[in-house]
Number of protein chains: 2
Amino acid sequence: MPYEGCGLHNRGVVIFMTSKTQISRGTLLEAMAKDIQAGVFTPGTWLKQIDLENRYGATRMEVRRALDQLSSKRLVRHVPNRGYHVHALDDRQADEIREVRIVLETAAADTIVQNATAADRQELRALAQRFSDLVLTGTLLEQYEANVAFHIRLLKLCSNQELVNLALDIRGRGPSAPATQWKTRARIEQSGREHFLMIEAIEAGDAPALRSILTAHIRQSAEKELARIQPPQRRRG
Amino acid sequence: MPYEGCGLHNRGVVIFMTSKTQISRGTLLEAMAKDIQAGVFTPGTWLKQIDLENRYGATRMEVRRALDQLSSKRLVRHVPNRGYHVHALDDRQADEIREVRIVLETAAADTIVQNATAADRQELRALAQRFSDLVLTGTLLEQYEANVAFHIRLLKLCSNQELVNLALDIRGRGPSAPATQWKTRARIEQSGREHFLMIEAIEAGDAPALRSILTAHIRQSAEKELARIQPPQRRRG
DNA sequence: TGCAAACATTTTGGCGCCAATTCTGAAACC
DNA sequence: GGTTTCAGAATTGGCGCCAAAATGTTTGCA
């Protein structure tokens, strides 16, 4: 019974890079956060310091500092004398974080509508179009990244920089691994359509509409009835 | 021209403790955060590692780790080869953080109203009463702490634990030093009355009323017209 | 064969030392 | 008199080494 806090247990499974890409100090944190969010390290994986040194071409001290910062951001958890592992959210936490995302991003809606210029809307349309295109032709990771790009561009129209930073942090903590993001093809296409609906709401100056689209959009992937209904598996019967 | 980012410049002014209180590793962060929020270290103060070692009876490594975590929380800023200093918020950031606080705490209002039991309301009344009592008899620090205690107790009635954690984090980042919290005696007394109004709203099950009281309550100390009107000081002439 | 204890390996975490950089204060210079 | 320069002091920050803890394996025993 090695660890009680998480279900998965792929210990020490770390993907190496062929070439040690020298990563400067400030961006190591971002690189690791990105890899966690992109699903390179699945929830529950133990992050060994030596492997991280090799993967990112960083010193032990830089790795340790980045791990500490990641556990400040609640992306990884630290167990003394055991190390750091990717934080695995349970259903309740995932729901709660989703609701907080809704709170923050809808709070940003008012100033987004106020501040968006025609040029901004044009950029948003391009990003929304890129996402829709990738639904057919792209990989899951590309779709995920295009989606993130759209939402970040949208958020940055908000006047309140602190709100933007907080929303981005919370976004990074959510269960956003590409593999679990969208349940069905239909849901992806619906997401793509909603992006355009947001732009229309912005163009119409209709902040309440933007809020309601955002709310529905963020709640999208909350279709986990199947997992709930299944009874707990019995060991012998 | 030592540092461009903050107005104050009391470098190296650190208060020592007579006895080295041995502080365990997990709480060093909290102790430092509390001291910053309580105004022991004023905004802009440089936090020298040696002084912190002496003050908290910690090793250099623990101090460094705590400083890194504090800069993750945006309570201090790190300048390479210069050290760490308490983050000084400008007016804009203070306003923005206040608005984010309003967003988060009003978002918690619904479940607070739903979850509050009679016992909870009783505890809240006791804390509100303690604050009101301290307006006459207590020190500024005691008033500040009683106010924090009331707000924390209120927040913890919210079902969404992630929302609570985030609200507490943001609360810790705001300009909450006791000295700058309440402008006038009248404002303190008004704050005390608003605490009771919140409890009444909870008792009446009136979440919208709670939200509106909270909004006004948090915007309380935003009376800084005087500082704005003064022209920039001229050097000669 | 199943279980448990002891050993070997791996990994984390902390401590100390020293180089690089910055700050201070005083002397020199304009 | 005020500014600049320069050496000494102080501080930060990084690197390497080693102990403590945990994990995995093998051996011993019933």
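- Distance, B/L52 CG to D/dG13 P: 12 Å, rounded to whole Å.
- Remark: the backbone N or O of B/T139 is paired with a side-chain donor or acceptor of B/E142 at under 3.5 angstrom.
- Residue side chain B/R64 reaches the base of D/dG14 through a donor-acceptor N/O pair under 3.5 Å, judged by distance alone.
- Between A/R65 atom CZ and C/dG14 atom P there is a gap of 15 Å when expressed in whole angstrom units.
- Ion pairing of B/E96 with B/R92 is present here, as a side-chain N (NZ or NE/NH1/NH2) and a carboxylate O approach within less than 4.0 Å.
- Residues that satisfy the salt bridge (Lys or Arg N to Asp or Glu O under 4.0 Å) test with B/R130, not counting sequence neighbours, are absent from this structure.
- No hydrogens or angles considered: a donor-acceptor pair under 3.5 Å links the side chains of B/H217 and B/H151.
- Atom CH2 of A/W46 is separated from atom C1' of C/dT11 by 12 Å (rounded to the nearest Å).
- Rounded to whole Å, atom P of C/dG14 lies 7 Å from atom CD of B/E62.
- Between B/T59 and C/dG14 there is no side-chain polar atom (N or O) within less than 4.0 angstrom of OP1 or OP2.
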Filtered N/O pairs between nucleotides 9-12 of chain D and protein, under 3.5 Å:
residue : atom : partner : partner atom : Å
D/dT12  : OP1  : B/Q49   : N            : 3.0

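- Inspection of the B/Y56 and B/D51 side chains reveals no N or O donor paired with an N or O acceptor under 3.5 Å.
- Judged purely by distance below 3.5 Å, without hydrogens or angles, the side chains of B/N115 and B/S159 pair a donor atom with an acceptor atom.
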